[in-house]
Amino acid sequence: MQRYDPALIEPKWQKVWDEALTFKAIRSADKPKYYVLEMFPYPSGRIHIGHVRNYTMGDVIARYKKQNGFNVLHPMGFDAFGMPAENAAMASGGHPKDWTYSNIDTMVEQMKPLGFGLDWSRMFATCDPEYYGQQQALFLDMLQAGLVYRKNAVVNWDPVDMTVLANEQVENGRGWRSGALVERKELTQWFFKISDFSGELLDALDSLDDWPAKVKLMQANWIGRSRGLQFAFSTIEAPEGFDRIECYTTRPDTLLGASFVGISPDHPLARALEEENAELAAFNADCRRMGTSEEELEKAEKRGFDTGLRVRHPFDTAWELPVYVANFILMDYGTGAIFGCPAHDARDHEFATKYGLPIVATFTPLEGEHDIQAAPFVPMKSEKVRYTRLVAGEEEQTGDAAVEAAVAFCEANGVGHGVTKYRLRDWGLSRQRYWGCPIPVVHCDTCGVVPEAKENLPVLLPYDEGGTPIDFSIPGNPLDRHPTWRDCTCPTCGAAARRETDTMDTFVDSSWYFARFTAPDADTPTVAEDAAYWMNVDQYIGGIEHAILHLLYSRFFARAMNITGHLPEQCREPFNALFTQGMVTHAIYKTEKDGRPVYHYPEEVELRDGGAFLADGRAVEIIPSAKMSKSKNNVVDPVAIIGQYGADTARWFVLSDSPPERDVEWTAAGAEAAHRHLARVWRIAAEVVAADAPASAEDEALLREMHKAIHDVTLGVESFGFNAAIAKLYGFTNTLSKSQAGSGAKRQAARVLAQLMSPMTPHLAEELWQMLGGEGLIANADWPKADPAMLVEDTVTLPIQVNGKRRGELTVPKDMAKEEIEKLVLAHEAVVRTLDGAAPKKLIVVPGRIVNVVA
RNA sequence: GCCCAAGUGGCGGAAUGGUAGACGCAGGGGAUUCAAAAUCCCCCGCCGCAAGGCGUGCCGGUUCGAGUCCGGCCUUGGGUACCA
C-alpha cells in the first residue's frame, strides 16, 4: 500500500487547479458572488506562521462557499509602502523599492505551496505605480469634493538627524538613532475630513450585524460622541483679546464644584501669557517637549502652572477661580480649556490635591458616606445620586438627567449652549518620507497650492538622483533634497513650480485596496460594473490590532469613494462581515548566562519529563505561548514545516487547536499529531477502497454518524468554529475506522469525510476523492447536505440533579410527557435517598435537557 | 492613564444559563513484534481505601441551577491617531 506523501500529492494538485483556472474569479451574472478577503500582508521578507493561519481561515471560507455554488473572489496583494523598507535601506544599504519587490517575490514563492485557492492574476502591491497612480487620482477627486484640506499639526522632530520621527521611533523622549531629545515641531500638513462623518460612522455601526461587538464598541468609543455644554468664563485683567475662555464640559451639573480652570500649553492664551512670564514660558516649553502620543501625555505626571490670572464663575461673578496651564489638556480636543471639578473627576482630584485647590462635592451617594477629600466620587452617569449643590433638575437624579437639566438651565440663563462633540480627529495623511505614495499637488508662487493634472499621473517616485541611486544613509526626506524631482511646472499657469514632497500615510494605501481587487488592472481607480458585482467584501478576516484605525479609515474611504463616484451607494459600508483572528504563539526556551538571558532555538531543546533540557543536560526555562520574535529565537518558519510535513498538516494544525479568534500555540508535538492524523485518514481511505464487504446492519449507524458529521462540520465552518469542526472530524474518522459497515456505506462515508476535510486539507482531499471514485475535482464538487431525518434521536438521556448537583441520569423516550418523567425521577434511587421520605420543595423538568430536584 | 478583550486539568482547549473537562497533546497500561518503529485497544481534573468532598484567576451577588449573567478587583494581551 502506498503511503501518504504530501511532497508528491501537493504540487500535483496545485498544478491541476492552476491549469484548470479553478480559482480564477470571473464576473458572471448567473451565479451569486462571494468575496472573501484576508487583510493583505506587509512584505517583511518571509511569510510567518501567523500568515498561514490567517490565509487558511480565508481559504476554508472561500473553498466552502465555492462548493456551495458561489462565484468566489479571493485575492491576494501586498501592503508595500512604509517605514521598514526605508529602515532596511538605511541600515544595510540598497533601495526600498528593490528590497520590497524582492521580499514580495520571496513571499509569493513561499505562499504558493500552501495551496490557497487564490486568484493570483489579481495580485498587486500598493507600491506599483499602477496602484498608487490611481490612488493619486482618488486623492484629487477627494480634494475637489472638499474632503481634503491643509492645516498645521505637530510632529516629533529629531533636531540632530533633522528628521520627523514616528511615535515608535521615540524612546523615552529621545530619537531612536541620534539619542537627541525629541522636539515638537509644527508643520503644514494634509488632512482628510473624516470628522465630517463622525456621526454617520458612529450610527452606521448598528447596521454591521456580522461584525464582532467588541470592534464596534472600540470604534464607538474612539469616535466618542459626547453631549455637553459649551460656555465661557470671563477673565479678570487678562491680556488684550482674551476677555473670555471658552470651555467645553460633559459635566455641567458639577459646575458648582468648580475649583480651577485649566488650559492647554498650546492654548492661545497660554502662548500670550508666556510672552510676559519667563517661568511660564519655560513650563510650556517643557510640556511641548513631551511626545505627541496620547499614551505618553496621559501617563505623564500631571503638572500645572498657576498663571496668576483669574476668572469669574458664570453663576456667581463674585466667585473667582484660578487659571492653570496643565500638561494633560489637549489643544485639539474640545476648546483646549476645561474647568476642574476635583470632587467628581479622578484626574482633577489628583491635580487639586497636588496644588492645594478646594475640593467641593456637588452630589453624594444616596446611601452611605463618602470622604471627598480622600478620594473623588465618580459614580456611573446612569446611577442616581443626591445633589447637594444643584444646578438644575431634581435633588435626587441620575448624572445623565442632571446633565440635561443643567444644559437646559444654562441655555435659558444665557450661560453657553448644549453641543454634541466627537473625540474623532481629522486624519493627518502627510508623511515626510520617501517610501509612500506622493501627494499629487504642486506649489506655485502665483497660483498657490494646485492639484496636479490627472493626465500627469502617476507622480512617480524617483529611483535615483541624477543617475546615482538615492542615498538612504542620510536622514531626512530624499524627495525634499532631491536635486531635480521637485522641479515641475504649474498645471494652471505653466510657470516653474515645486512638487509637494510629503507622501501619504500608508493607511491610505490599505483603505481602498479591497475595492481595487475588483478591477486591479483598470486605468481608473475602480470600474462600475466590477465594483457593483463584487463589492462588498462578504467576509473580511484580520487581526484585532486593526479594530480601530484601518477599519475606520476604510469605512471613511468607502464613503469618500461613493461621493466621488468610485463606488456605488451600497458600498458605504464595505465589509459585510468581519472576523478577527488570534496570533500563533510559540514557547520561548530560555537560560541565563552571566545574568543575561540566552534564548535557544526549539531544535536545541529536548522536551522530556515535563521539562526542557539542552544537549549537555542543563534545564531550560519554558515561557509558554509567547508572541513569536526573531530576537527570542521562537519563530516557526512555514517553509520548514511544509518541507517536513506538507501544507495540509500546517493548515490542519493552525485551525485545530484553538478557537480562531484566540491565539494558538504552535507545538512540534501538535504538528506531529496533525500529520499522524492525516496519514491515518489516508490509510483508512485506502483500506475502504480495497475492501469488499457486503451491506450490513451497521450501515445505518455509520450513515447516521455521517449525516451528523455533515451537520456539525457545516455549522462549524459557517460559524468560524474551525477547531470544533476539526474535533468532529476526528470523531467521525474514529467512527469510520471502527465501523463494521459494508463497503458501500464505508465508501460513501469516506467520500463525505474527504469533502468535509477539503476546505482545510485540500490536497489530501483531492487525492482521497480520486481514490474513492469521486467525479471531477473535489474543489468543484457540491458540499454535502445532511438529511434531517438521519439526525433525529428517539431517546434522550436526562441528568438528574438534586439541589443543583448531579446525582444520576435517566434515559427516556424523546417525547415522554413531563408528568411521566417526574414520576420516574421521584422513584430514582439517588433522589429517594436524598429526600429520605420528605416531599421535594420543587421539581424542575426542562424537557430534553435536565431535571433538578430541590430538597 | 484611558478604551477593548482573555483567564477552565500537566498542556492547547470543549460546553444555546442545564451532566464542567468534547477533541487533541503529554503521561500510564496492554496488544502486535525476535526486538524496535509504525499501528491498534484501554486509563487519565484534584483529595480520599471508600462513601463522598473540592474544583472554570480572586471577592461578592442574581438563579432551582453560573465557566456562561451582574458588581468590584488581579494578571496577561491588543489599541492609544506617524509600526503595519
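Please read all numbers here as calculations on a predicted model, not as lab measurements. Residue numbers begin at 1 in each chain, while the letters A, B, ... track the order of the sequences.
In this entry the distance linking CD1 of A:I548 with C1' of B:A5 reads 12 Å, nearest Å. Between A:H677 atom NE2 and B:C25 atom P the separation is 10 Å, expressed in whole Å. Remark: P of B:G24 and CH2 of A:W666 are 18 Å apart, rounded to the nearest angstrom. Atom-to-atom, OH of A:Y553 to C1' of B:G79 comes out at 12 Å; the value is rounded to the nearest Å. As a whole-Å value, the separation of A:Q219 CD from B:C4 P is 14 Å. Rounded to an integer number of Å, the gap from CE of A:M83 to C1' of B:A84 is 9 Å. What separates CD1 of A:I544 from P of B:C83 is a distance of 19 Å, to the nearest Å. Between the CG atom of A:L217 and the P atom of B:A6 there is a distance of 12 Å, rounded to whole Å.
A:D426 and A:K193 are not joined by a salt bridge, as no carboxylate oxygen comes within less than 4.0 angstrom of a charged side-chain nitrogen. For A:E294 and A:R423, the salt-bridge test passes: some basic side-chain N is under 4.0 Å from an acidic carboxylate O. In summary, A:E295 and A:K299 engage in a salt bridge, as defined by a charged side-chain N under 4.0 Å from a carboxylate O. Between A:R184 and A:D266, at least one side-chain N (NZ, or NE/NH1/NH2) sits under 4.0 Å from a carboxylate O, which counts as a salt bridge. Using a 4.0 Å cut-off between a side-chain N of Lys or Arg and a carboxylate O of Asp or Glu, A:E705 and A:K738 do not qualify as a salt bridge.
The residue A:V851 sits apart from the nucleic acid: no heavy atom pair falls under 4.0 Å. Nucleic acid contact for A:R347: none, since no nucleic acid atom lies under 4.0 Å from a heavy atom of the residue. A:Q432 comes within 4.0 angstrom of a nucleotide base, judged by non-hydrogen atoms across all strands. As judged by a 4.0 angstrom heavy-atom cut-off over every strand, A:K216 is placed among residues making no nucleic acid contact. Residue A:G82 is classed as a sugar-phosphate contact, given heavy-atom separations below 4.0 Å to backbone atoms only. Across all strands shown, A:A673 has heavy atoms under 4.0 Å from sugar-phosphate atoms exclusively, and none from any base. Among the heavy atoms of the strands lying under 4.0 Å from A:L424 is at least one base atom, whether or not backbone atoms are also near. Heavy atoms of A:W222 sit under 4.0 angstrom from at least one base atom. Here A:V215 lies out of heavy-atom contact (under 4.0 Å) with every strand. Within the nucleic acid shown, A:S510 has no heavy atom closer than 4.0 Å to any nucleic acid atom. Among the heavy atoms of the strands, none lies under 4.0 Å from A:E350. Within 4.0 Å (heavy atoms only), A:F328 reaches no atom of the nucleic acid at all. Among the heavy atoms of the strands lying under 4.0 Å from A:V854 are primed sugar atoms or P, OP1, OP2 only; no base atom is included. Heavy atoms of A:S656 sit nowhere under 4.0 angstrom from any nucleic acid atom.
Using atom P as the reference point in both B:C73 and B:U63, the two lie 24 Å apart (nearest Å). With P as the reference atom, B:G27 and B:C11 are 15 Å apart, rounded to whole Å. Going from the P atom of B:G21 to that of B:G28 covers 24 Å, rounded to whole Å. Only the C1' atoms considered, B:U19 is 11 Å distant from B:A15, to the nearest whole Å. Across the P atoms, B:C2 and B:C64 are found 37 Å apart, a figure rounded to whole Å. If you take atom P in B:U80 and the same atom in B:C58, they sit 32 Å apart, rounded to whole Å.
Considering only side-chain atoms of A:P659, the nucleotide from B:G13, B:C4, B:G24 that sits closest is B:G13. Nearest to the side chain of A:E545, among B:C25, B:C4, B:G79, sits B:G79. The side chain of A:Y730 lies closest to B:C23 when the candidates are B:U19, B:G1, B:C23. The nucleotide whose nearest atom lies closest to any side-chain atom of A:Y42 is, among B:C4, B:A84, B:A22, B:A84. Checking B:A26, B:C40, B:G53 against every side-chain atom of A:R807, the shortest atom distance belongs to B:G53. Closest contact between the side chain of A:Q801 and the listed nucleotides B:A5, B:G18, B:A81 involves B:G18. Looking at the side chain of A:S658, the nearest of the listed nucleotides B:G1, B:G13, B:A81 is B:G13. Of all nucleotides listed (B:C64, B:A81, B:U19), B:U19 comes nearest to the side chain of A:E809. The nucleotide whose nearest atom lies closest to any side-chain atom of A:N221 is, among B:C4, B:G53, B:A14, B:C4. When distances run from any side-chain atom of A:A669 to the nucleotides B:C25, B:A84, B:G1, the shortest one goes to B:C25.
Base pairing analysis places B:G60 opposite B:C70; the two distances defining the Watson-Crick or G-U wobble pair are each below 3.5 Å. Nucleotide B:A6 forms a pair with B:U75, judged by Watson-Crick or G-U wobble geometry with both contacts under 3.5 Å. In this structure, B:G27 and B:C43 make a Watson-Crick or G-U wobble pair, each of the two defining distances being under 3.5 angstrom. B:A51: no Watson-Crick or G-U partner with both key distances under 3.5 Å is found in any strand.
With 3.5 Å as the limit, one finds a donor-acceptor pair spanning the side chains of A:N167 and A:N156.
Distances shown here put every side-chain N or O of A:R423 at or beyond 4.0 Å from the OP1 or OP2 atom of B:U80. In this model, the phosphate group of B:G1 is not approached by any side-chain N or O of A:K299 to a distance below 4.0 Å at OP1 or OP2. Side-chain nitrogen and oxygen atoms of A:R676 include at least one within less than 4.0 Å of the OP1 or OP2 phosphate oxygen of B:C25. Contact annotation: A:N803 side-chain N/O to B:U63 OP1/OP2 distance is not under 4.0 Å. For B:A14, the OP1/OP2 oxygens have a side-chain nitrogen or oxygen of A:N723 closer than 4.0 Å. Dashed line: the shortest gap from a side-chain N or O of A:R806 to OP1 or OP2 of B:A20 is not under 4.0 Å.
Glycosidic conformation, B:G27: anti, with the torsion outside 90° of 0.
Judged by distance alone, with hydrogens and angles left aside, A:R849 brings a side-chain donor or acceptor within reach of the base of B:U16, the pair sitting under 3.5 Å. Interface remark: the A:N852 side chain does form a donor-acceptor pair with the B:C64 base, using a distance-only criterion of under 3.5 Å. In terms of polar N and O atoms assigned as donor or acceptor, the side chain of A:E294 comes within less than 3.5 Å of the base of B:G1 in a complementary pairing.
A:H550 and A:Y513 have tilted rings, their planes meeting at an angle from 30° to 60° on a 0 to 90° scale. Ring geometry for A:F556 versus A:F197: interplanar angle over 60°, hence perpendicular rather than tilted (30 to 60°).
Between the side chain of A:S656 and the backbone N or O of A:F653, at least one donor-acceptor pair lies under 3.5 Å.
Nearest-nucleotide positions on RNA chain B place A:D657 closer to the 5' end than the other of A:K728 and A:D657. In terms of position along RNA chain B, the nucleotide closest to A:L549 lies nearer the 5' end than the nucleotide closest to the other residue of the pair A:H546 and A:L549.
Judged by the 6.0 Å distance and 45° axis criteria, A:K302 is not positioned over the aromatic ring of A:F351.
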